[in-house]
Amino acid sequence: DAKTTQPPSMDCAEGRAANLPCNHSTISGNEYVYWYRQIHSQGPQYIIHGLKNNETNEMASLIITEDRKSSTLILPHATLRDTAVYYCIVRSPRGETSGSRLTFGEGTQLTVNP
Amino acid sequence: IAGITQAPTSQILAAGRRMTLRCTQDMRHNAMYWYRQDLGLGLRLIHYSNTAGTTGKGEVPDGYSVSRANTDDFPLTLASAVPSQTSVYFCASSEGLVGTDTQYFGPGTRLTVL
């Protein structure tokens, strides 16, 4: 699976959009970009994933550049409860018989300030 | 829908004792996983199961065993606990689809081995 690079920390004002960048310059054509977050002392929470098109769900939007070498997770209206470590993960599609592990890097500590 | 439940929430255990961490999911997911999370090392896969009746080793399986007697339950057993097994343990599950396959995590078990 491709390696990802994220800033170690970011701050955001409550109510503003939080834009979390991720570089994955060695991504392969069939690898997906996943985002998870982990609020302190809780289990990782799935946010969103995509392959090449931009994606949006009730939690966030994912913008993937045309060359797929980087992506941005957007939380449109950040709240204090969005304070967490955000992980960008690039992973291969699951095969028929393979065990599919997630490799979490260091992530970005997002702090939403009042 | 409860999703994934884990028990106990936390446990202090004497070295050499046997311990089973429980994990139950109600999403009828085919695949289940056990990870441990340690500061500076991220999440590491211990064991996984692609479907009921099958299990496989992850990247750090030594000292741990699992079973998958049915779809819902995936217990993790430490036969003789050692202090290096002090960690936070997360169970996860996924549909087990070929291709994109999203993993969902439980709340975790914090284990301390003295």
Side-chain angles (χ1 to χ4, degrees), chain A residues 1 3-6 8 22 27-53 55 57-60 62 64 68 71 73 84-109, chain B residues 2-7 9-10 21 23 25 27 29-51 54-61 66 68 74 87-110:
Chain A
D1 293 340
K3 180 180 171 60
T4 62
T5 303
Q6 299 177 253
C22 180
I27 192 170
S28 298
N30 65 346
E31 288 181 316
Y32 290 84
V33 179
Y34 277 77
W35 283 84
Y36 282 76
R37 72 180 183 184
Q38 190 169 22
I39 298 168
H40 183 60
S41 298
Q42 297 183 22
Q45 179 187 20
Y46 165 76
I47 302 173
I48 199 167
H49 76 279
L51 183 62
K52 59 179 71 173
N53 298 318
E55 302 287 344
N57 63 19
E58 64 278 4
M59 289 183 67
L62 174 60
I64 303 174
R68 300 204 332 117
S71 60
L73 178 75
V85 179
Y86 286 77
Y87 296 98
C88 169
I89 300 162
V90 171
R91 60 189 294 232
S92 302
R94 180 188 172 90
E96 290 194 11
T97 58
S98 61
S100 177
R101 71 182 172 103
L102 287 172
T103 302
F104 286 67
E106 296 297 316
T108 296
Q109 171 66 59
Chain B
I4 300 178
T5 57
Q6 292 184 237
T9 301
S10 64
L21 308 185
C23 174
Q25 53 101 1
M27 297 176 283
H29 282 174
N30 288 314
M32 297 187 74
Y33 314 83
W34 275 105
Y35 292 86
R36 59 178 289 176
Q37 186 173 35
D38 303 287
L39 195 63
L41 295 175
L43 275 162
R44 294 181 291 171
L45 182 67
I46 304 171
H47 284 287
Y48 65 91
S49 168
N50 284 332
T51 189
T54 70
T55 62
K57 294 181 178 181
E59 59 180 307
V60 288
V66 291
R68 187 87 184 278
F74 191 43
S87 187
V88 182
Y89 291 85
F90 291 105
C91 179
S93 72
S94 69
E95 290 184 83
L97 301 174
V98 173
T100 179
D101 187 46
T102 301
Q103 293 184 22
Y104 299 91
F105 287 80
T109 293
R110 185 174 298 273

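A, B, ... follow the sequence lines: proteins, then strands. Residue 1 opens every chain. Because the structure is predicted, anything quoted here is derived from the model rather than measured.
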Note to self: Apply ring-ring contact (aromatic ring centres under 6.0 Å, His included) to residues Tyr35(B) and Phe104(A) and explain how you reach the verdict.
What the structure shows: CA-CA 11 Å; Tyr35(B) 292 86; Phe104(A) 286 67; 7.1 Å; no
Residue pair Tyr33(B), Ser94(B): steps toward the side chain to side chain donor-acceptor pair (under 3.5 Å) verdict: CA-CA 9 Å; Tyr33(B) 314 83; Ser94(B) 69; 2.8 Å; yes
Region of Gln45(A) in contact with chain B, defined by heavy-atom distances below 4.5 Å
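It is neither, since no heavy atom gets under 4.5 Å.
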Suppose we call two aromatic rings close when their centres sit under 6.0 Å apart. Are Tyr46(A) and Tyr104(B) close by that rule?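 Close enough - the centres of the two rings lie under 6.0 Å apart.
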For Gln6(B), which atoms come within 4.5 Å of any heavy atom of chain A: side chain, backbone, both, or neither?
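For Gln6(B), neither part sits under 4.5 Å from chain A.
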**OP:** Measure distances from Arg110(B) to the heavy atoms of chain A and classify the residue's part below 4.5 Å as side chain, backbone, both or neither.
**Re:**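 The answer is the side chain of Arg110(B).
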Crowded around Glu59(B) CD? As in, over 12 foreign heavy atoms under 6.0 Å?
->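 Above 12, so yes.
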